[in-house]
Every structure is written in C-alpha cells, then in structure tokens.
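The figures that follow rest on heavy atoms only: side chains count, while hydrogens, waters and symmetry mates do not.
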Amino acid sequence: MDDQGCPRCKTTKYRNPSLKLMVNVCGHTLCENCVEMLFVRGSGNCVQCDTPLRKSNFRVQLFEDPTVDKEVEIRKKVLKIYNKRDFDFSSLREYNDYLEQVEDIVYNLTNNLDVENTKLKMEQYQREHRDLIQKNKATLTREQEELEELLLLEQQGNEQRRLDVLQDEQRQLQAKRKNKQALLDELEQSQLPATILLAQHKVRAAQLETQIEQQKQTVKPTNLFSTGIHMRQTVSLVAVPKVEDVLFHYKPLHVETYGPPVPELEQLSRVGYLNHVRAAMPQDTAGGYTSALACHRAIQDAFSGLFPLKG
Amino acid sequence: MFHNSSQRKYWIFKSEDEVAHMRRKANQKFRNKIQESGKSAVSDSMFLERHEEDVLFRHYERRLLDFCNAFKPAMPKSVVGTALMYFRRFYLNNSVMEHHPRTIMLTCAYLSCKVDEFNVSSTQFGGNLLHETPAGQERVLEQILEYELLLIQQLNFHLVVHNPYRPMEGLLIDLKTRYPTLENPESLRKSADDFLTQAAMTDAGLLFPPSQIALAAILNSALRASLSMESYLTECLGLKEDKDSISKMYDSMRRMKTLLKKYELPKADEVNIYKPRLERIHAQFASSSNKRKRGYEDDSHVAKEPRLVEEEWTDEDLM
C-alpha cells in the first residue's frame, strides 16, 4: 500500500502508514485529511476529474486499485435492482444471458460508456419487474438473517468455551493457593515435625497436579463429527459405475527424421565415431560435457532430412 | 532438429518457380499499394522490374556478406548463414522498393547475432559501421531497432534457421568412421566449404534441407577430386534397394549445382543504374511510414513526437 499516495498531499501517505485512502463515485482517491479539508462544506468537486461530489459518498478504500472499489460500489447498486436468482430462470442459457446483461451494465457504468442509455435501461427494468424485485429482496433478507443467526450461535459457542477454560484455570490457581495456605497453617499449629509436614504437602501438591492433568485430558463426549454427520449413522455411498474401456497399450514415441537412422549416444564410441571428434578438455568435462554429445548432435543434423520425400 | 522445425514446414518450397512466383507477387503487391493510395505522378516505368530488383538484391546480399566477414569480433559461420537466410526470406514476401535493403541488411545481421547467441552489444555492433561518426552510428542503430520488429513479423516469427555447416561436419565424421574407402575426407573440406558459401548466395536454402545441401557439397568436391563416392550412398546410408530415393537425391544435387552455376555477381554498371531509381522510389513513397515505428502498425498508443526528417544515410556510410 505504500506505493500509492494521496494525489493531493502526496507525501502524507508515506509518513503516516495508518492513514486511510477514501474512494468516491468517480473512482479517484483522497486521503482522510484531504477529504476533511476539501469537503468541509459537505460537497465539492473531485481534484482529478472535476465531477461534483458529496462528502458522504466517500468510502474507505479496500482495494489497491481505486477503479476496483468504484466498480464494487456500482455493482452493489446494480445488483439491488437486478436481483434475480438462478431458479427464476427456466434454462441455463437464459440465466447466462441475464448475467451477461448485468455485467454489461456494470462495465458501462464503470468505464463511463453510454451512461445515459444504461441508466434508462436500468430504470425501465426496475419499473417492469417491481414486484419480482420486492419478492427477491424479501427472500434475500431472510437468508441473510438465517446466516447471521448461525454466525451468532457459533460466536456464542466460542465465548462459552473461552469462559469455561478461564474458570477452570481460576479454580486450579485457587486450589494451589489453598494448599500453600494449609501448609503454612499446619506448620504453625501442628505438633508434627517440619519435615513430615513438608512431605505431606508435597504429596498433596502432586495429587493436585495429576487431578488437573486428568481434567485436561477428559474429552467431552460428542455424537457429531465435525462435518455435521451423526456418529453411527450409515452414509450411503452411491456405487461408482464401472467403466469398461480399451486397455491402454504403450507405444514408444516415433519421430520421423526423413533420413538414415542415427546411432545411439552410447554406441558412438564403440563404433568409432569419437576418434574423429575433438576430445573433451578437462575444463569441459567439469560441466558434464562429453565429446559424444557434440558428435551425436553433428550426426543427427547430418542425417535429418537427408532423404527426399516419398512421392 | 530440422525434421520438426518451422524451416521444414514453412520455408522449404517445392521449386524455383514457386519462389519466383512469390517474389513476383510481392512486387505486384507494392505496385498495387502505391497505385491505390493514389499518389500523384505515378508512372509504371518508375517501378522496378523483377530482374532489376534481383540485381539490387544480390548486390546488397554481397554487401551483407562482406559486412559479416569484416565484423569484429569474428562472426561464426552459422551467424552469417542465418543473417543471409533472414535477408532472403524477408525479400520473398516484400519488395525491395518497399523497405530499403541497406537497413534490412543490418537488421538481419543484428537479429541473427541475437538469435544465434553470438553476444554483441548494440554499441559494439554500431562500432562495426566503420565509415560513420559516433553520432551517425547512433542514428543507424536507432533505425535498426525500428526495423527489428518488422523483420521478425515478416519472418512470421520463425527465427531458428538450420544451416548446412554442422551437417557437413557430421557427414565428414561419418565418412571418416564408416567409409574407409575414402582415404582422406579432410581434403574435401575446403572445396565443400566454398560450395556451401556459394550456395548461401543462392535460393538453395529455400528449396533443399541443409543436410542435402551439405551432402551435395561433399559429393561435388569428391567429384572434383575424381574420387568416387557412389558406394557411400548405397552402403552406409542404407539406400541399396531404394533406387527411387537415390535418383531423387542425385536429381536434387544436379538442381543445386545448376543454381550455383546460374548465380552471377551483380554487375557494377547495372547496379549504378538501378540504385538511383530505388532511392527515388523510396524518397517518394516511403515518407508516409516515417512517422510511426515500423511494425507497430496496430498500436493504439499515442505516437511519440513525430520524427521530423529521417536523416538519410547513404550506402557509403556502411562500409
């Protein structure tokens, strides 16, 4: 984020990494301070493109590229109107066409192409499908509420667990303190010699420790796997259909060289080719070079394409 | 390797006629382009004919060869071969009148150094343009860089060129190993080398695979030294039963020899007539493409400040 600066005061972003950039509907960014200064009266013009803006339209930038933020805002607004779902359509093709329509609108508005027509289209759609929009809005809010309830439950569960753990710790600490206090009391009052008392105290402390360990290790019995399936519930697996196919036979790769066959790299020295090639110097062999490599390449090049094409 | 290279698939043609046809098409295309753009004072006699273009092509090809041979540090043969092949392929589909050969020739050399991994920095390359001042060298380099993309485009991005030099080495090794009948294959090397250099100045590279050219070179020099190598083909290359292939191979070699014989050095007086005409054509018709970078025709960027007058540098500045 450091490479982006506020276009107006430029240096302030580097000096103050906690400073936030705000984006408006025209897609240009300004840091918080500049927003305060320029829009002290509530409305003004953008620094870079001179479009009239309101202070309330500034939102904290979430993405590095301000055009992305602008698009996100526009998309939210468009989707409020175009909120049909996949089961509202009778075929996949229609759904895809609808989605493409939505994307076109978002694209046009983001890149300021044909804004007038696009807005007219949106208004027309809104008028035609007013009821459907309302209905979908209702279903959407219901789903969101359900999601939120689940989230809340989860959070509460987490809280509960945290509190339990804290309470356990507290109890353990108290038990230890009581033990120590008991030792001191006994040392004061009892008649027994100090060594015996100390030994007794040690035994009691050890017992406490083992008790704590055992508590930590007891697993709370559950009857649910983490994926939500009940234990001891038989999950039926659909039988995998058996596919009968032709057995694969390996055929080695054959490359047509249009020439006589080239001896293998390993055979070269045996046949006697290497006698006629410059031997590898010790420096060359260090890198893995052998004279057979150069020889093989020369022979390959000599034989490749040597024969004329048939026909 | 050559057998699955782009050279075999796209840049080996069936006959000299096909190659001549492509060149004629390029010439015609340029003529049509100029006539359609409706420039005034266009007469058919201004354009160069095919044979005149050929003379100029050969002249500049010679100069490219001399430039590469005089290059410091010494350019390996494969780099020279690649540069000549690029030059030849470029003018297969483009007319000499459209892009002036002197810049294309240097661009071919420059590109070939890069592709063949003969590392020369652009300043070092410019340093080889001996008759230029350092400022002039800069200008030439700029022009080379402008033309580079155009050259690569016209080569259809097929930049790997297989030259016959390594196949020749391979054949000599094979002869020494498997063909004891021939006593001293090294004696064939010199004249085979000359054959290959001459072949690089002909269309042989566009018609035959490099291994066949190398074999032709060796057989030719054996013939000159009155040594018989018939049995090499039948025995070692395993073509004993394949009479058809043998006859075809001899046929190709005869065609290659004809190509070499047909090559004539460009005559100085002819060149002196055609060159000023070429310059005039370029001066008149090439001005429209001066403003933009060559090859970046579809660029929708804002053009840089238009180049004012393209400093014309002449041929003498090169060598």
Check whether the side chains of B:D66 and B:N69 place a donor and an acceptor atom closer than 3.5 Å, and report yes or no.
no
One option among A:H296, A:E256, A:R297 has the most heavy-atom pairs under 4.5 Å with chain B, and it is A:R297
Without hydrogens or angle criteria, can the side chains of B:T181 and B:Y232 be said to hold a donor-acceptor pair below 3.5 Å?
no
Residue from B:S252, B:S211, B:A214 scoring the most non-hydrogen pairs under 4.5 Å with chain A is B:S211
I would like to know whether B:E18 and B:K14 meet salt bridge (Lys or Arg N to Asp or Glu O under 4.0 Å); could you show each step before the answer?
CA-CA 7 Å; B:E18 195 176 333; B:K14 299 221 185 26; 5.0 Å; no
Scored by heavy-atom pairs under 4.5 Å with chain A, the best of B:E169, B:M1, B:H162, B:R166 is B:R166
So among B:D203, B:T202, B:L259, B:L206, which one has a side-chain contact (heavy atoms from CB on, under 4.5 Å) with B:E16?
B:L259
